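Quick caveat: nothing in here was measured; it's all calculated off a predicted structure.
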Amino acid sequence: MESEHLERIERQMTAGGHEIDTSQPLLPIYHRKLANPTPLGLFSFATGIFFISCMGVQARGVTINNMMIAFMIFYGGICQFLVGIMEFIAGNTFGATVFSSYGAFNISYAMIYLPGSGIIAAYTDATTGELVPDFNQALGLFYIAWFIVTFCFVLGAVRASAVVVGILSFFDLECLLLGIGLMTGNVPVLTAANAIGFVVSFLCFYGGASALYEGTTPWRVPTFPLHKEA
């Protein structure tokens with residue numbers, strides 16, 4: 001009798017663990033279970049960093065950065081910002097803060113090179129058409145600011161997984177080196193920073209694949225959690 005009673009109760013519960021409310025037949029409340037937004041956030045961040053690194057090392061001889069504007073605004077920016085909002089809904093404070101922040105990072109980075117923003121124009125010499133030295137100094141400070149933000153994220157991720165800590169730690173190092181390289185004009189440092197960007201991108205793709213494949217494929221991609229299961 002008890003098992004039958006429990007079965008009847010389970011039939012009245014949604015996949016999200018809420019009671020099915022059909023008191024309003026026109027607009028019934030089902031409280032459906034939300035999907036995991038993490039894979040989308042990691043893939044968008046990975047692709048954005050990969051694109052920035054490619055532009056940084058001038059892959060295939062490309063020296064004009066405008067191609068990345070649309071990509072960084074939509075997939076790397078808006079899409080990742082939406083992931084942050086979804087993490088808010090899911091109750092994940094850390095994920096909401098990180099994904100929303102980096103979504104804003106991608107959009108703000110793209111805005112620098114968007115002609116209509118006027119940012120590049122403000123740092124362009126009207127006589128020669130060349131960028132003034134202040135541009136690299138300002139962009140270097142931009143990266144230093146994100147180095148500080150990301151360092152805070154690294155400390156907050158110590159109980160997550162080795163992959164998450166690796167992503168944030170390497171990105172933190174990349175931001176630091178980009179800031180130093182831009183402000184000092186040190187080309188080898190900038191090259192090293194962009195090389196680290198490819199490592200960040202790989203780890204993000206790895207972490208995104210792990211979250212995406214969980215429960216949907218017959219194999220698992222380990223992320224090496226740093227906390228012990230209760």
Are there more than 12 heavy atoms of other residues, nucleotides or ligands under 6.0 Å from atom OH of Tyr213? no
Would you call the rings of Tyr75 and Phe71 parallel, tilted or perpendicular, taking 30° and 60° as the class edges? perpendicular
Between Phe81 and Phe99, ring centroids under 6.0 Å: no
Tell me whether Ile144 shares a hydrophobic cluster with Ile196, the cluster being built from Ile, Leu, Val, Met, Phe, Trp, Tyr side chains joined at under 4.5 Å. no
Side-chain donor/acceptor of Thr150 to backbone N/O of Asp172, under 3.5 Å: no
Please check if the side chain of Ser108 supplies one atom and the backbone of Phe105 the other of a donor-acceptor pair under 3.5 Å. yes
For the OG atom of Ser210 and the CG atom of Leu203, what is their distance to the nearest 0.5 Å? 12.0 Å
Under 4.5 Å between side-chain heavy atoms, counting indirect links through other Ile/Leu/Val/Met/Phe/Trp/Tyr residues: same cluster for Phe198 and Phe43 or not? no
Could you state whether Leu168 and Tyr143 fall into the same hydrophobic cluster, counting links through intermediate Ile, Leu, Val, Met, Phe, Trp or Tyr residues with side-chain heavy atoms under 4.5 angstrom apart? yes
Rounded to the nearest 0.5 angstrom, the CZ-CD1 distance for Phe51 and Ile69 is 10.5 Å
Looking only at atom types and distance, does a side-chain atom of Ser117 sit under 3.5 Å from a main-chain N or O of Met111, one as donor and one as acceptor? yes
Could you tell me whether a side-chain N or O of Glu174 sits under 3.5 Å from a main-chain N or O of Phe170, the two making a donor and an acceptor? no
Which distance, rounded to the nearest 0.5 Å, do you find between the CG of Asn194 and the CE of Met55? 10.5 Å
Side-chain donor-acceptor contact under 3.5 Å, Glu87 with Thr38: yes
Check whether Ser53 reaches the backbone of Ile49 with its side chain - one donor and one acceptor, N or O, closer than 3.5 Å. yes
With a 3.5 Å distance limit and no angle check, can you tell me whether Ser44 reaches the backbone of Leu40 through a side-chain donor-acceptor pair? yes
So Tyr113 and Phe135, would you call those rings parallel, tilted or perpendicular, with 30° and 60° as cut-offs? perpendicular
Taking the six-membered ring where the residue is Trp, are the ring centres of Phe171 and Tyr102 under 6.0 Å apart? yes
Are Thr124 and Val132 close enough that some pair of their side-chain heavy atoms sits under 4.5 Å apart? no
To the nearest 0.5 Å, how far apart are CZ in Phe45 and CG in Leu42? 9.0 Å
